[in-house]
Amino acid sequence: MTNWLPDISSGTGPVYIRVADSIENAITHGVLPPGTKLPPQRNLAYDIGVTIGTVSRAYALVHERGLVAGEVGRGTYVLERLNGKQIELVDPITQALAGTRGLNTPDAKIRFDTTAAPDIGQGEIIGRLFADISSEHQTEISSYSRNFPASWFQAGQIWLARNGWQPAIDTIVPTLGAHAGAIAVISAVTSPGDKIVFENLTYTQISRAARLLGRRSILVDSDEHGMIPEDFERLCQQQHPRLAFLMPTAHNPTLVTMPESRRRAIAAIARRHSVWLIEDDLYGGMTGDQNPLMAAIAPERTFVVSSLSKSVTAGVRGGWVACPPHFAQRIKVTHKMTTGGLPFILAETCARLVLGGHALELRRKSVEEIKAREQLAREALSGFEFNSHPHLPFLWLKLPEPWLSGTFKNAALTEGVLIDDEDEFKAARIEKVYHRVRVAFSSPPRREDVAAGFMTLRHLLENGSSGYDSHI
């Protein structure tokens, strides 16, 4: 075991990133050669004066970068360099933007870290549509999309409609997915320096992208019913945000669905303080939830974003935004400016999937497959606490003592399973600790793989002491 200690005196990023970068730098320059055993996390934390959790997150990070491997009962060891080449250093800013996920997904792992639609045969349908479109629209697919067919807007109107609410056709904007739609809205209705409200836990790809645009994130507290109106009111009074991003139905990662009374309270506050709302309804159509959309309650200030990614196909990158009146043209322009434009073949494929009835049928099949996998989770993780929904492709798992979220993620990675720790969903630094991880289960190709992944996680949960000791 080495007596080497990381240098965390330089740099301005989070301490765990500085520790990880110091380890990576030492490996790259031969200070920690292949086969070197890193200090136990408990010892290293004591030696450099930080918490065990900080060191755990740093070890998890260098593990994700493919620099080290942990073995139960033996410790953490430096791996051989790939083909003898020096490892490319990742700067802290890049890593911060990437979140707690590795920049490159490790091979041969069970992917419980993505909620993309399961493979239920959509490839064959999409292949046929591609062939038809290529044959029928040779000119269009070889050029830029400047004139959008009416069918693209009609498809969005159908896909976004829910619970008696249907957006007007002239409020629809076709987009390269829900993420691109949300960023287009943020770009259109806010300016650099403006504040955007995010829940304590949220889809942080949006908050990180907003930071790149120069917007500032402020956090609102949530409970078992979603965003807390009183805290939202406080933020509006004190910090004057321009926009709020929320997921009222099937919140990611907690799976909370906001009741109608809470939605109306949030809408009233937003109206009173002139705050725009982005309603992420990605999972809404899968749940069967009957609560009214925020857009039905506050149509004058709510942008609804959704896509085909979670229940039909993620690879085609198709989605839509429904805008308040008179905003569609502005969102269309900002979407083009922030993405480079909408490829004809992708937008046409998405429209045909919806208008031809394929999308609804594929969503039905996806939900059936997800339901079977969620049942596997209930069986494999029986006795442990978690939030789930039979129609949604992830669960929010409570970790028993002594597991920390980052340590458990690291242990799961060692055992061949990729999951997300709670920090992946924090839009900014907060004091609250949930001791939970998100386990998504739609991507593994076979149910046998899903069941094996769940059993691996159960083994770690059941052997917390020995497993935990091997990662600290």
Side-chain angles (χ1 to χ4, degrees), residues 1-72 74-82 86-104 106 204 208 399 402-414 418-426 428-431 433-435 437 467-472:
M1 185 185 301
T2 179
N3 291 322
W4 170 88
L5 293 177
D7 177 14
I8 59 173
S9 60
S10 60
T12 58
V15 174
Y16 81 95
I17 292 180
R18 282 185 268 158
V19 173
D21 288 342
S22 182
I23 294 172
E24 183 166 1
N25 187 61
I27 293 172
T28 300
H29 294 95
V31 178
L32 297 176
T36 301
K37 183 179 180 180
L38 297 186
Q41 294 183 26
R42 192 189 308 276
N43 295 0
L44 184 59
Y46 178 82
D47 289 339
I48 63 177
V50 301
T51 66
I52 293 175
T54 295
V55 177
S56 172
R57 292 177 67 185
Y59 275 38
L61 198 52
V62 292
H63 205 148
E64 291 173 10
R65 295 176 184 178
L67 304 177
V68 300
E71 300 180 27
V72 176
R74 294 192 62 226
T76 302
Y77 291 82
V78 177
L79 293 172
E80 294 283 347
R81 298 184 186 183
L82 183 63
Q86 190 178 54
I87 298 167
E88 182 182 357
L89 292 176
V90 179
D91 68 277
I93 294 176
T94 299
Q95 190 62 55
L97 290 173
T100 65
R101 294 172 179 167
L103 296 178
N104 298 300
T204 51
R208 292 181 206 136
L399 300 174
W403 286 114
L404 302 173
S405 180
T407 309
F408 188 79
K409 173 184 176 177
N410 190 26
L413 176 64
T414 300
L418 298 173
I419 59 175
D420 285 313
D421 60 13
E422 63 185 50
D423 286 352
E424 175 61 27
F425 302 97
K426 292 178 179 177
R429 291 181 60 180
I430 58 174
E431 297 298 324
V433 178
Y434 298 88
H435 299 304
V437 293
Y468 182 83
D469 289 342
S470 69
H471 292 274
I472 61 175

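- The shortest side-chain heavy-atom distance between His63 and Thr414 falls under the 4.5 Å cut-off.
- Here Asp421 pairs with nothing under the salt bridge (charged side-chain N to carboxylate O under 4.0 Å, His left out) rule; sequence neighbours left out.
- Across Val78 and Pro33, no two heavy atoms sit closer than the pair CB-O, 3.5 Å.
- In this structure, the side chains of Pro6 and Ile48 come closer than 4.5 Å at one or more pairs of heavy atoms.
- Side chains of Phe408 and Ile419 form a contact here, defined as non-hydrogen atoms less than 4.5 Å apart.
- The shortest heavy-atom contact between Trp403 and His435 is O-ND1, 4.1 Å.
- Applying side-chain contact (heavy atoms from CB on, under 4.5 Å) to Val15 and the options Thr51, Val50, Val55 leaves one that passes, Val50.
- Of all heavy-atom pairs spanning Gly406 and Ala60, the tightest one is O-CB, 4.0 Å.
- Residues satisfying the side-chain hydrogen bond (donor to acceptor under 3.5 Å, both in side chains) criterion with Ser22, sequence neighbours excluded, are absent altogether.
- One finds no salt bridge joining Lys409 and Glu424 here, because no Lys/Arg side-chain nitrogen approaches an Asp/Glu carboxylate oxygen to under 4.0 Å.
- Within the 3.5 Å criterion, the main-chain N or O of Glu422 finds a donor-acceptor partner in the side chain of Ser405.
- With hydrogens and angles ignored, the 3.5 Å screen pairs a side-chain donor or acceptor of His29 with a backbone N or O of Asn25.
- Between the side chain of Thr28 and the backbone N or O of Glu24 there is at least one donor-acceptor pair closer than 3.5 Å.
- Within the 4.5 Å cutoff, no side-chain heavy atoms of Val437 are placed close to those of Asp420.
- Panel note: side chain Thr407, backbone Ser56; no donor-acceptor pair is recorded below 3.5 Å.
- The shortest distance between side-chain heavy atoms of Gln41 and Thr54 does not fall below 4.5 Å.
- Using a 4.5 Å heavy-atom threshold, the side chains of Leu61 and Glu64 count as touching.
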Worksheet item: When you look at Ile23 and Tyr59, which way does the side-chain contact (heavy atoms from CB on, under 4.5 Å) test go after all the steps?
Response: CA-CA 9 Å; Ile23 294 172; Tyr59 275 38; 3.9 Å; yes
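- Applying the salt bridge (charged side-chain N to carboxylate O under 4.0 Å, His left out) test to every pair with at least one member in residues 43-58, sequence neighbours left out, gives these pairs: Arg57-Asp423.
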Worksheet item: Which is it for Leu404 and Leu399 under the side-chain contact (heavy atoms from CB on, under 4.5 Å) test, yes or no, and what are the steps along the way?
Response: CA-CA 7 Å; Leu404 302 173; Leu399 300 174; over 6 Å; no
Item to complete: Show your working on side-chain contact (heavy atoms from CB on, under 4.5 Å) between Leu38 and Leu44 and close with a plain yes or no.
Response: CA-CA 9 Å; Leu38 297 186; Leu44 184 59; over 6 Å; no
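- Separation of atoms CG (Asp21) and CG (Asp7) is listed at 11.5 Å; rounding is to 0.5 Å.
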Worksheet entry | Residues Leu32, Trp4; criterion side-chain contact (heavy atoms from CB on, under 4.5 Å); working and verdict | CA-CA 8 Å; Leu32 297 176; Trp4 170 88; 3.9 Å; yes
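- Applying the ring-ring contact (aromatic ring centres under 6.0 Å, His included) test to Tyr16 and every residue at least two apart in sequence or in another chain returns nothing.
- Residues Val62 and Ile27 have side chains not in contact (no heavy-atom distance under 4.5 Å, counting atoms from C-beta outward).
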